Amino acid sequence: MSLREKIEAGERVSFDEALSLYDMDLFELGSLASGIREKLHGKKTYYNINRHINPTNICADVCKFCAYSATRKNPNQYTMTHEQIMDIVKDASARDIKEVHIVSAHNPNTGLEWYLEIFKKIKTAYPHLHVKALTAAEIDFLARHYGKSYDEILDLMVEYGVDSMPGGGAEIFDEEVRDYICKGKVSSDGWLEIHKKWHERGKKSNVTMLFGHVESRANRIDHMMRIRELQDMTGGFNCFIPLVYQKENNYLNIKDPITANEILKTMAISRIVLDNVPNLKAYWVTSTVGLALVAQEFGANDLDGTIEKESINSAAGAKSANGVKLGDFTALIKNSGFVPVERDSLYNELG
Ligand code: V47
């Protein structure tokens with residue numbers, strides 16, 4: 001049986017087979033990934049009406065790829081008050097958002113309650129809003145800084161109203177690359193352990209991969225394999241999100257940006273390898289809207305959402321600072337031959 005036939009038959013691919021897929025013709029790979037996407041989701045492309053909030057950019061960590069942290073190249077430090085955050089939520093909820101996605105830097109000065117009270121205040125005032133908050137990197141930081149275990153922080157998150165966890169902070173699991181790009185941050189095992197514990201509480205999360213910097217193709221496949229292994233155990237990942245590295249204003253100094261061909265191949269391969277993760281998100285913020293639309297032909301069935309305001313990736317050069325208008329978003333999906341379907345944060349269809 002050829003590798004193509006094996007994939008078409010729905011059989012699982014090995015590490016070596018996955019790596020060899022990079023040698024396949026782009027369009028052949030696209031048709032294989034599309035076949036899987038169609039079986040799972042038909043022509044539907046999901047989106048979510050959401051608001052990103054990044055409450056502080058003061059960070060105890062020093063990731064080389066980050067342009068957002070004020071302790072790196074960004075001179076404009078800020079920490080929002082809860083009142084400022086609630087004003088943002090009030091304003092956004094008037095536009096019928098369904099989710100707030102809250103990711104902060106690792107601020108050592110606010111106290112643990114500052115992080116947690118945000119969630120309780122939002123859930124008390126807007127119980128219908130889904131709070132997606134705290135990456136495993138933040139959880140690891142809070143646990144270490146405040147002398148708590150992962151379990152204690154995760155229990156507090158549940159108590160204060162966090163509904164699901166975003167997939168940030170995964171970067172690349174390979175320890176050598178990780179040491180180079182984000183030494184000192186949550187380890188790969190720590191990241192996976194936190195998500196495992198979250199899933200064991202009956203909760204869902206996402207998982208990202210930051211690619212297009214110093215990592216090799218083998219590093220990407222290794223990253224996907226570690227996700228697949230955990231997902232076999234817990235089934236708690238809703239969505240895989242490959243994040244394309246943005247090169248401005250940071251310390252990685254990558255001269256050659258990754259090509260569109262390599263991005264689409266990586267998307268398609270992830271759709272094939274991650275046979276147990278239901279959704280593949282083309283995050284338009286880092287891929288550009290245009291390439292995210294093309295990625296629908298390479299396995300992606302989710303384009304995230306309107307976002308409204310985005311600070312982390314736009315600091316590094318992405319054109320996402322002001323989100324995208326809902327009408328434009330759905331029209332673009334339709335015009336590319338797919339069916340836009342609004343979803344909630346747990347992938348239930350709305351409407
Ligand atoms: O973890 C930081 C990444 C992530 C850069 O779960 C960069 O639904 C590219 O995780 N170039 C935060 N990426 C964003 C994130 C996310 C986004 C959308 C949806 C979800 C979800 C999660 O941004 C960080 C880091 O990997 N990042 N700097 C950069 N220069």
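Whatever order the structure lists ligands and atoms in, that order sets their numbers, starting from 1. All of these numbers come straight from a predicted model, not from anything done at the bench.
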Enquirer: Check side chain to side chain contact (heavy atoms under 4.5 Å, CB included) between R95 and all other residues, then give those that pass, not counting sequence neighbours.
Expert: D91, A92, E308
Enquirer: Identify, with sequence neighbours excluded, every residue that meets ring-ring contact (aromatic ring centres under 6.0 Å, His included) alongside H52.
Expert: H101
Enquirer: Which atom pairs, one a donor and one an acceptor, fall under 3.5 Å between side chains of residues 1-9 and the rest of the protein, sequence neighbours left out?
Expert:
unit_1: S2; atom_1: OG; unit_2: E5; atom_2: N; d: 3.1
unit_1: S2; atom_1: OG; unit_2: E5; atom_2: OE1; d: 3.4
unit_1: R4; atom_1: NE; unit_2: E8; atom_2: OE2; d: 3.1
unit_1: R4; atom_1: NH1; unit_2: E28; atom_2: OE2; d: 3.2
unit_1: R4; atom_1: NH2; unit_2: E8; atom_2: OE2; d: 3.2
unit_1: R4; atom_1: NH2; unit_2: S31; atom_2: OG; d: 3.2
unit_1: E5; atom_1: OE1; unit_2: S2; atom_2: N; d: 2.9
unit_1: K6; atom_1: NZ; unit_2: E17; atom_2: OE1; d: 2.9
unit_1: K6; atom_1: NZ; unit_2: E17; atom_2: OE2; d: 3.0

Enquirer: Contact residues of ligand 1 with a heavy-atom cut-off of under 4.0 Å?
Expert: F65, H101, K132, P166, G167, G168, G169, E171, N206, T208, L210, I241, L243, V244, Y245, Q246, N250, K281, Y283, D304, I312, N313, A316
Enquirer: Apply the side-chain contact (heavy atoms from CB on, under 4.5 Å) test between I122 and each candidate in M86, K90, H82; give the one that qualifies.
Expert: M86
Enquirer: Whether D61 and K185 form a salt bridge (side-chain N of Lys/Arg under 4.0 Å from carboxylate O of Asp/Glu) is what I want to check.
Expert: no
Enquirer: What I want to find out is whether R201 reaches E159 closely enough, with some N-O distance under 4.0 Å, to be called a salt bridge.
Expert: no
